[in-house]
There are 2 protein chains.
Amino acid sequence: MATGRTHRPATRSRGIPEATVARLPLYLRALTALSERSVPTVSSEELAAAAGVNSAKLRKDFSYLGSYGTRGVGYDVEYLVYQISRELGLTQDWPVVIVGIGNLGAALANYGGFASRGFRVAALIDADPAMAGKPVAGISVQHTDELERIIDDNGVSIGVIATPAGAAQQVCDRLVAAGITSILNFAPTVLSVPEGVDVRKVDLSIELQILAFHEQRKAGEGEAAEDRLPPPPATKSDRKGPDGDLPAVMPA
Amino acid sequence: MATGRTHRPATRSRGIPEATVARLPLYLRALTALSERSVPTVSSEELAAAAGVNSAKLRKDFSYLGSYGTRGVGYDVEYLVYQISRELGLTQDWPVVIVGIGNLGAALANYGGFASRGFRVAALIDADPAMAGKPVAGISVQHTDELERIIDDNGVSIGVIATPAGAAQQVCDRLVAAGITSILNFAPTVLSVPEGVDVRKVDLSIELQILAFHEQRKAGEGEAAEDRLPPPPATKSDRKGPDGDLPAVMPA
DNA sequence: ATGTCTTTGTGAACGCGTGCACAAAGATTG
DNA sequence: CAATCTTTGTGCACGCGTTCACAAAGACAT
C-alpha cells in the first residue's frame with residue numbers, strides 16, 4: 001500500500017546510480033550494433049554519439065561498472081557488451097507473463113525487442129473467456145484463472161500489465177500475491193504495491209501530453225499571454241461540459 | 001531524451017520545470033477521476049496520494065502554475081482541471097499522425113487515452129501498399145507517399161513513429177521536413193533531429209531491462225558475488241581478425 | 001470578533017545528476 | 001627508452017529536483 005510513501009527507498013545498490021542503469025540499455029543497443037558490424041573497439045566519444053549522450057557522462061557511467069576501457073584506445077566492444085548484459089541481468093532467462101491481450105498486449109507479445117534480450121514470454125493471460133485458446137504471436141492465450149498456476153509453474157518474477165485501467169490494480173494484486181516482484185504497467189493507473197515490488201510505468205498518453213505542452217509553448221512563443229483565466233477559483237456550480245474526462249473505457 | 005545534442009538547455013522558459021510538466025498529466029488524471037465523482041475540492045494530501053507522489057512536491061508543482069488553492073480547504077477540482085489542461089495545451093485540438101501501422105501502431109490507433117485528451121488521430125500511415133485502404137480503428141490507412149500532403153492539409157505538428165527501427169530515421173526526416181515539430185518515437189533508435197524539434201522516446205524493451213536489473217539485484221541479495229568475469233579486459237594486441245565470434249545476442 | 005484549526009505556499013537544506021577540465025595511463029612512434 | 005599523442009577515469013563545481021518544516025492565510029466555531 002502506501003502509494004506515495006516509501007516509493008523507492010533507495011537503489012542504494014551500493015553501486016550504480018539509477019540514472020546510469022536507465023542508460024545501460026541504450027549503450028547496450030549501440031554496442032550491439034557495432035558488434036554486428038564487427039567493430040573491435042570504440043572510443044567514449046563515438047559510442048556516446050551513437051547512444052545520443054554526452055561522452056563524459058558515458059565514461060562516468062562505465063566507471064561505475066569498473067574500468068573496462070583502455071586509455072588511448074577505447075573500449076572493447078565485445079567485452080563491454082558482455083559486461084553490460086551481465087550487469088543488467090540479461091545473461092539469464094527471464095520468463096515474463098503479459099496480462100491483458102488487447103491491442104496493446106498483442107503488440108507487446110509480438111514485439112521482438114523482448115525475446116531478443118533474454119526475455120521470454122512465458123504466457124499470455126486474458127480475462128475474456130473468448131480469448132482463451134486463441135493464438136497470439138504463436139502463443140495460446142490462457143484464462144486469468146490460470147494466472148497463479150502459470151506464475152508458479154514457470155517461476156515468473158516479471159509481469160506486464162496491459163489491461164484496462166479498471167482491472168489493473170486487481171490484476172496487480174494477484175500477480176504480487178502469486179510471487180511477481182517486478183511489474184511493467186501500461187495501464188493508466190497508479191498501482192499500489194507492497195514494499196519490495198518494483199513497478200515501472202509506461203503511459204502513452206502522458207508522453208503526448210508532455211509533447212503538447214512544449215508544442216504549445218513553441219507556437220505561442222512571440223504572442224504574449226492571451227489565455228487569461230476566465231473563472232476565478234470558482235466556488236461551485238461550475239459544471240462545464242465534457243472536458244478531458246472519459247469513462248474507464250480503455251482500449252485494452 | 002532527444003538526440004543528446006542541442007537538448008533543451010532548460011524549459012526554464014521563465015516557468016514550469018520539466019519535472020513538473022511531466023507530472024501534470026498525472027495530476028490531471030487523478031483530478032479527472034475526482035471530477036467524475038463530483039468531488040468539489042481536494043487537499044494536496046489526498047490528491048498527492050491519488051497521483052502517487054509526495055504532497056509537498058505536488059504543492060510546489062502547483063505553485064509554478066499559480067496560487068489556485070485555498071488554505072484550510074484545498075483545491076477546487078474543476079478549476080484545477082481546467083488550469084492544468086490549459087497549461088498542457090489540451091484545450092486545443094492536436095491532430096496527430098501515426099506512422100507504421102503494425103501491431104504497435106494499431107494498438108496506438110485504438111488507444112482511447114489519446115482521443116480522450118484533445119489528441120485526434122488525423123491519419124494512419126504505412127509503407128506497405130497492401131495496408132493502404134485497410135481500416136484500422138475506424139480510419140483508413142494511407143500510404144507513405146501521402147505523408148507530406150496529409151501533414152500539410154491537416155496542419156499536423158505531432159507525429160508518432162511506430163515503424164521498425166530501420167525505417168525510423170528516414171520517416172523522422174520526412175516528418176520533420178513536412179513540418180512536424182514534435183515526435184513520439186516508439187522505434188528503438190536514437191533519432192537525429194534539427195534544433196527546435198522535440199523528441200520523446202518510449203522504449204518497451206528498455207523498461208524491461210531496467211526491471212531485470214533490479215530483479216537480479218533482489219535475487220542475489222544474500223548470495224555473495226557468484227558471477228565472475230570470465231574474459232579479462234582483453235589486453236592489447238588483441239587484434240583478432242575475422243574470428244567474428246559474435247555472441248549473437250539479438251537483432252535489434 | 002476573536003480564537004482555533006486546517007491546509008497552502010515557500011524558504012532553505014540536501015542530495016543526485018551533469019558536465020567540465022585535467023591528470024594519469026597506455027599506445028605508438030622515432 | 002624517451003617523447004608524444006590519444007583517450008580514459010575522476011575530482012570538482014554547478015544546477016535541478018526533492019523534501020522538510022513552518023509561517024501565513026483563510027475557514028470555521030464560539
Side-chain angles (χ1 to χ4, degrees), chain A residues 4-24 26-27 40-49 51-77 79-80 83 232-233 235-236, chain B residues 1-2 4-24 26-27 40-49 51-77 79-80 83 232-239:
Chain A
R5 202 76 298 204
T6 53
H7 193 50
R8 173 137 309 190
T11 312
R12 35 87 61 164
S13 19
R14 196 201 306 77
I16 301 101
E18 191 60 28
T20 294
V21 172
R23 279 188 294 268
L24 290 182
L26 226 56
Y27 301 143
T41 61
V42 268
S43 67
S44 61
E45 203 67 53
E46 294 170 312
L47 185 55
V53 304
N54 179 297
S55 69
K57 193 186 298 184
L58 178 144
R59 286 198 300 277
K60 181 148 291 187
D61 282 342
F62 286 174
S63 76
Y64 291 118
L65 307 183
S67 294
Y68 297 148
T70 302
R71 299 179 189 226
V73 177
Y75 299 89
D76 181 273
V77 175
Y79 188 61
L80 205 44
Q83 287 302 336
T235 315
K236 189 60 171 44
Chain B
M1 262 53 172
R5 199 75 306 201
T6 52
H7 195 42
R8 172 125 306 199
T11 311
R12 38 94 61 172
S13 329
R14 191 193 321 82
I16 300 99
E18 191 59 29
T20 295
V21 172
R23 281 189 293 268
L24 290 182
L26 227 55
Y27 301 143
T41 61
V42 268
S43 67
S44 62
E45 203 68 51
E46 295 171 312
L47 185 54
V53 303
N54 179 297
S55 69
K57 193 187 297 185
L58 177 144
R59 286 198 299 276
K60 180 144 289 188
D61 282 343
F62 285 174
S63 77
Y64 292 117
L65 306 183
S67 295
Y68 297 147
T70 304
R71 299 177 189 228
V73 176
Y75 298 90
D76 181 274
V77 174
Y79 187 61
L80 205 45
Q83 288 301 336
T235 327
K236 46 69 176 284
S237 73
D238 208 85
R239 274 299 136 49

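Keep in mind the model is a prediction, meaning the values are calculated, not measured.
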>> Distance check needed: C/dA27 C1' versus A/D76 CG, whole Å only.
In response: 15 Å
>> So which atom in B/Y27 and which in B/A51 form the shortest heavy-atom distance, rounded to 0.1 Å?
In response: CD2-CB, 3.8 Å
> Is any side-chain N or O of A/S44 closer than 4.0 Å to OP1 or OP2 of D/dT7?
Replying inline: no
> For A/Y27 and D/dT8, what is the distance between atoms OH and P respectively, to the nearest whole Å?
Replying inline: 13 Å
> A/Y64 has an atom OH; how far is it from atom P of D/dG11, in whole Å?
Replying inline: 10 Å
>> Tell me the closest heavy-atom pair linking A/Y64 and A/G15, and the distance in Å.
In response: CD2-O, 4.4 Å
> Roughly, in whole Å, what's the span from NZ in B/K57 to P in C/dG11?
Replying inline: 20 Å
> Choosing from C/dT18, D/dT18, D/dT10, which nucleotide comes nearest the side chain of A/S63?
Replying inline: D/dT10
>> Can you give me the closest heavy-atom contact between A/T41 and A/E46, atom names plus distance?
In response: O-OE1, 4.5 Å
> Going by heavy atoms in the side chains, are A/I16 and A/D61 under 4.5 Å from each other?
Replying inline: no
> Is the distance from OP1 or OP2 of D/dC20 to the nearest side-chain N or O of B/N54 less than 4.0 Å?
Replying inline: yes
Can you name the atoms? Protein N/O to nucleotides 22-26 of chain D N/O, anything below 3.5 Å, with the distance.
unit_1, atom_1, unit_2, atom_2, d
D/dA24, N3, B/R71, NH1, 2.7
D/dA25, O4', B/R71, NE, 3.4

> Where is the tightest heavy-atom contact between B/S55 and B/S44, given as atom of each residue plus distance?
Replying inline: CB-O, 3.9 Å
>> At 4.0 Å (heavy atoms only), tell me whether A/Y75 reaches a base, stays on the sugar-phosphate, or touches nothing.
In response: sugar-phosphate
>> So that I know where these two stand, are A/F62 and A/Y68 an aromatic pair - ring centroids less than 6.0 Å apart?
In response: no
>> Output the rounded distance in Å from CZ (A/F62) to P (D/dG9).
In response: 9 Å
>> Closest approach to the side chain of A/K60, judged atom by atom: which nucleotide of D/dT19, C/dG19, C/dT18 is it?
In response: C/dG19
>> I need the CG-C1' distance between A/L58 and D/dT10, as an integer number of Å.
In response: 14 Å
> Separation of B/L47 atom CG from C/dT7 atom C1', in whole Å?
Replying inline: 14 Å
> Mind checking whether A/L47 and A/L58 have side chains closer than 4.5 Å, heavy atoms only?
Replying inline: yes
> Between atom CD in B/E18 and atom P in C/dG17, what is the gap in whole Å?
Replying inline: 17 Å
